[in-house]
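Residue numbers begin at 1 in each chain, while the letters A, B, ... track the order of the sequences. The figures here come from the full heavy-atom set of this structure, side chains too, leaving out hydrogens, waters and symmetry mates.
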Number of protein chains: 2
Amino acid sequence: MNEPHGKNPETASGDAAPKAVVERLSLYLRELQKLNKDGADTTSSTQLGRLLGLSDAQVRKDLANFGQFGYPGIGYRCDELIPKIKDILGTNHRWNVALVGIGNLGRALLGYSGFENQGFKIVAAFDQDPSKVGQMIEEVEVRPIEQLEAEVQRLGIRMAIIAVPRTEAQAIADRLVAAGVVGILNFAPVRLSLPTDVRGAGVDLAIEMEQLAFAVVNRSGCQNRENA
Amino acid sequence: MNEPHGKNPETASGDAAPKAVVERLSLYLRELQKLNKDGADTTSSTQLGRLLGLSDAQVRKDLANFGQFGYPGIGYRCDELIPKIKDILGTNHRWNVALVGIGNLGRALLGYSGFENQGFKIVAAFDQDPSKVGQMIEEVEVRPIEQLEAEVQRLGIRMAIIAVPRTEAQAIADRLVAAGVVGILNFAPVRLSLPTDVRGAGVDLAIEMEQLAFAVVNRSGCQNRENA
DNA sequence: TAGATTGTTAATCGATTAACAATC
DNA sequence: TAGATTGTTAATCGATTAACAATC
């Protein structure tokens with residue numbers, strides 16, 4: 001209440017970080033990983049900003065929210081900053097993930113290498129359909145939905161992906177939560193209702209297309225942000 | 001330069017609309033469609049706000065960016081507001097869409113009803129693999145990639161979805177653009193480089209998971225935004 | 001009419017940018 | 001040392017909220 005206005009260093013990392021900042025953190029991480037792979041030892045706020053279309057000041061400010069990671073006169077050491085950002089995002093340890101619904105989308109997700117690269121490993125897959133049960137897909141065996149609770153608990157799974165039809169999604173979410181899952185990525189076009197201590201994120205592809213349509217219709221040549 | 005500060009009504013609809021506002025427009029549209037289906041004739045900024053976790057003031061302000069759609073004392077007529085928002089988003093007419101890459105993800109996208117519900121119709125599908133060419137999936141015939149340009153032009157396609165491996169994505173994008181496509185939804189984990197008059201949007205599922213992990217790790221019970 | 005709800009203005013709040021002393 | 005670049009403060013900018021006259 002009577003804090004002047006700035007946030008002091010001590011409370012900084014404890015403060016609720018602005019959502020937009022955390023989103024950019026993911027982008028910084030990707031660029032750093034790319035730079036590191038290409039053999040760069042260090043980078044700078046200017047370089048990161050240029051690569052991502054942001055100002056250097058913003059890059060520094062964003063990172064400063066979480067600590068002091070850079071070296072004046074030198075910049076940021078990729079080797080050091082990458083794990084720091086992973087610490088912040090919570091991806092510095094592997095997350096075991098459950099996938100429910102092995103339709104075309106589920107299969108695609110099982111084969112998606114991007115998850116594993118960033119520390120998410122699908123270790124359990126479930127489907128209702130007996131003809132799918134027992135199949136091995138990308139080294140994961142499809143199990144009957146009845147085993148959901150047992151497997152989630154056995155493997156200590158805390159994050160899950162829902163790729164079932166709309167009508168099943170809420171029921172699956174409830175079961176996952178009851179079994180101990182605290183984060184759900186939902187592809188079904190429904191808004192899940194979840195307990196307040198469980199986090200959910202919905203991927204709505206129709207909305208992505210809609211936003212793209214707007215951008216297409218309103219492109220007056222100028223705002224050339226290439227975010228693809 | 002010497003405009004006091006507010007935006008006056010005349011320039012309002014011509015101004016570049018803030019990205020955040022347009023995103024919420026999609027959310028309003030969904031709720032309105034739902035309300036309409038449930039038989040509601042009218043709704044209010046208060047109701048829409050409550051359904052979406054926004055303030056009534058924000059709902060009104062967002063809509064006021066694009067015109068006067070409401071009736072004092074009554075609210076908004078669903079029947080009227082839905083097409084108005086579609087006009088703004090550019091989805092009041094059907095978009096023919098091309099899909100390139102018929103792997104598991106491509107198949108899932110072909111079967112995704114959410115696109116068609118919102119005015120996007122996949123009318124052409126392409127794949128490199130001769131064994132896939134000729135297959136009918138969801139009433140769309142898979143064509144060889146060589147026919148991409150000809151079909152895009154024949155069908156007047158202006159939006160496309162890329163669901164090919166990372167290594168192919170840029171080349172496909174270039175061909176799509178050359179054929180006249182002006183909006184690309186990209187699922188390959190690469191940043192496409194596109195001409196400034198072409199719009200792109202990337203869906204990066206690893207980033208979604210990362211953001212979710214952060215939300216899980218930092219959930220201190222409180223911020224219970226259920227965005228699923 | 002009284003109650004409800006809009007569109008809009010002014011006030012508040014938060015996020016981005018610019019600038020610079022401190023540091024390597 | 002001189003040049004580069006950080007973290008941070010102050011200034012700017014934009015977005016959200018509160019309030020209310022106008023309207024049905």
(request) Assign each of A:Val21 and A:Pro72 to its nearest nucleotide of DNA chain C by heavy atoms, then name whichever residue's nucleotide is nearer the 5' end. (result) A:Val21
(request) Name the closest nucleotide to the A:Ile74 side chain, picking from C:dT6, C:dC20, C:dC24. (result) C:dC24
(request) Give me the ring orientation class for A:Tyr112 and A:Phe115: parallel if the planes are under 30° apart, tilted from 30 to 60°, perpendicular past 60°. (result) perpendicular
(message) Looking at D:dC24, which nucleotide sits across from it as a Watson-Crick or G-U wobble partner, both distances under 3.5 angstrom, or is there none?
(response) C:dG3
(message) Under a 4.0 Å threshold between the charged nitrogen and the carboxylate oxygen, would B:Asp56 count as salt-bridged to B:Arg60?
(response) yes
(request) Using a strict 4.0 Å threshold on nitrogen-to-oxygen distance, state whether B:Glu80 and B:Lys84 make a salt bridge. (result) no
(message) Using the side-chain heavy atoms of A:Ser44, tell me which of these nucleotides is nearest: C:dA18, D:dT6, C:dT16.
(response) D:dT6
(message) Taking the basic N atoms (NZ, or NE/NH1/NH2) and the acidic carboxylate oxygens, is any pair closer than 4.0 Å for B:Arg24 and B:Glu31?
(response) no
(request) Could you please name the option among D:dT17, C:dT16, C:dG7 that lies closest to any side-chain atom of B:Lys61? (result) D:dT17
(request) For the side chain of A:Arg24, starting at C-beta, report the closest nucleotide among C:dT8, C:dT16, D:dA15. (result) C:dT16
(message) So B:Thr46, base contact, sugar-phosphate only, or nothing? Heavy-atom distance under 4.0 Å.
(response) nothing
(request) Return the value, rounded to whole Å, for the distance between atom CZ of A:Arg60 and atom P of C:dA21. (result) 14 Å
